[in-house]
Amino acid sequence: MRVVDDHSGPVSTVLRHGGLSVAVMDSIAFATGEHAGQAIVTGSHGGASAGEYARRCGVAAVACNDAGIGKDNAGVAGLAALDGVVGVAVGHDTARIGDGHDTWANGIISYVNESAREAGIRVGEPLSAAFTRLAAGGVPC
């Protein structure tokens, strides 16, 4: 088990288009202020703490794992609470929880918040296609 003792974990950029980058990381705890205005893909659940990380870092878009949704939709509660930030979750049966690269490569969107819906992202589409399209069109503010 890897202990997260700082917030500078392995992060890789998988897409740059215009001024938007898509950064992939295993945990949303690796996001920093350097990701402000960018899209991040994480292997984390989309619960309340993940939403708080995304908000503090000022990201434009965030993708997490739905972690099976959970009791009272706890697996996506943080994404639902993000006003003005595109928030999506991929199905726990399409990408490994805790694996950002599997989320990017294989994740199928199972949840979208209101901002994601307004950006044209839909449940059932591959995450990589949705975020590539988002980067090409810019993230609505």
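Any value given below was found using the heavy atoms of this structure, including those in side chains, with hydrogens, waters and symmetry copies removed.
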Report task. Mark yes or no for whether Ser115, through its side chain, and Val86, through its backbone, hold a donor-acceptor pair below 3.5 Å. Result -> no
Requested in this report: Heavy atoms only: give me the nearest Leu20-Gly37 pair and the separation to one decimal.
Outcome: CD1-O, 3.3 Å
**Report entry** Over 12 non-hydrogen atoms of neighbours within 6.0 angstrom of CZ in Arg16
**Finding:** no
Query - Partner of Val62 under side chain to side chain contact (heavy atoms under 4.5 Å, CB included), chosen from Val41, Val88, Ile28 - result: Ile28
Query raised in the report: How far apart are the C-alpha atoms of Val85 and Val59, what are their side-chain angles, what is the distance that settles it, and do they pass the side chain to side chain contact (heavy atoms under 4.5 Å, CB included) test?
Result: CA-CA 7 Å; Val85 176; Val59 301; 4.2 Å; yes
Query raised in the report: When rounded to the nearest 0.5 angstrom, what is the spacing between OG1 in Thr94 and CG in Asn65?
Result: 7.0 Å
Report task. Find the distance between OG1 (Thr32) and CD (Gln38) and round it off to the nearest 0.5 Å. Result -> 10.5 Å
Query - CG-CD distance between Leu79 and Glu114, expressed to the nearest 0.5 angstrom - result: 13.5 Å
Query - Nearest heavy atoms of His101 and Val14, plus distance in Å - result: CE1-CG1, 4.4 Å
Report summary line: So OG1 of Thr42 and CG of Asp26: to nearest 0.5 Å the spacing works out to 9.0 Å
Report task. Output, in order, the C-alpha distance, side-chain angles, deciding distance and verdict of side chain to side chain contact (heavy atoms under 4.5 Å, CB included) for Thr132 and His17. Result -> CA-CA 8 Å; Thr132 298; His17 193 283; over 6 Å; no
Query raised in the report: With the 4.5 Å side-chain cut-off for hydrophobic clustering, are Ile97 and Val76 part of the same group?
Result: no
**Report entry** His92 side chain to Ser110 side chain, donor-acceptor N/O pair below 3.5 angstrom
**Finding:** no
Requested in this report: Please round to the nearest 0.5 Å and tell me the distance separating atom CD1 of Ile40 and atom OG1 of Thr103.
Outcome: 11.5 Å
**Report entry** From CG (Asp66) to NE2 (His45), nearest 0.5 Å
**Finding:** 12.0 Å
Requested in this report: Kindly work out whether a path of hydrophobic side-chain contacts (I/L/V/M/F/W/Y, heavy atoms less than 4.5 Å apart) joins Ile69 to Leu82.
Outcome: yes
Query raised in the report: Can you tell me if CD on Glu34 sees more than 12 non-hydrogen neighbours from other groups inside 6.0 Å?
Result: no
Report task. Determine, step by step, whether Tyr111 and Asn73 satisfy the side chain to side chain contact (heavy atoms under 4.5 Å, CB included) criterion, reporting the C-alpha distance in whole Å, the side-chain angles of both residues, the deciding distance to 0.1 Å, and the verdict. Result -> CA-CA 11 Å; Tyr111 171 82; Asn73 295 325; over 6 Å; no
Requested in this report: Taking all heavy atoms of Arg117 and all of Arg122, pick out the closest pair and write down the distance.
Outcome: O-NH1, 3.0 Å
Query raised in the report: What heavy-atom pair brings Gly107 and Ala95 nearest, and what distance separates the two atoms?
Result: CA-CB, 4.1 Å
Report summary line: Ala61 and Phe131 have their tightest heavy-atom pair at CB-CZ, 3.9 Å
Query raised in the report: Given the rule in the side chain to side chain contact (heavy atoms under 4.5 Å, CB included) test, do Ile108 and Val90 qualify, once you have shown the distances and angles that lead to the verdict?
Result: CA-CA 5 Å; Ile108 302 296; Val90 302; 5.8 Å; no
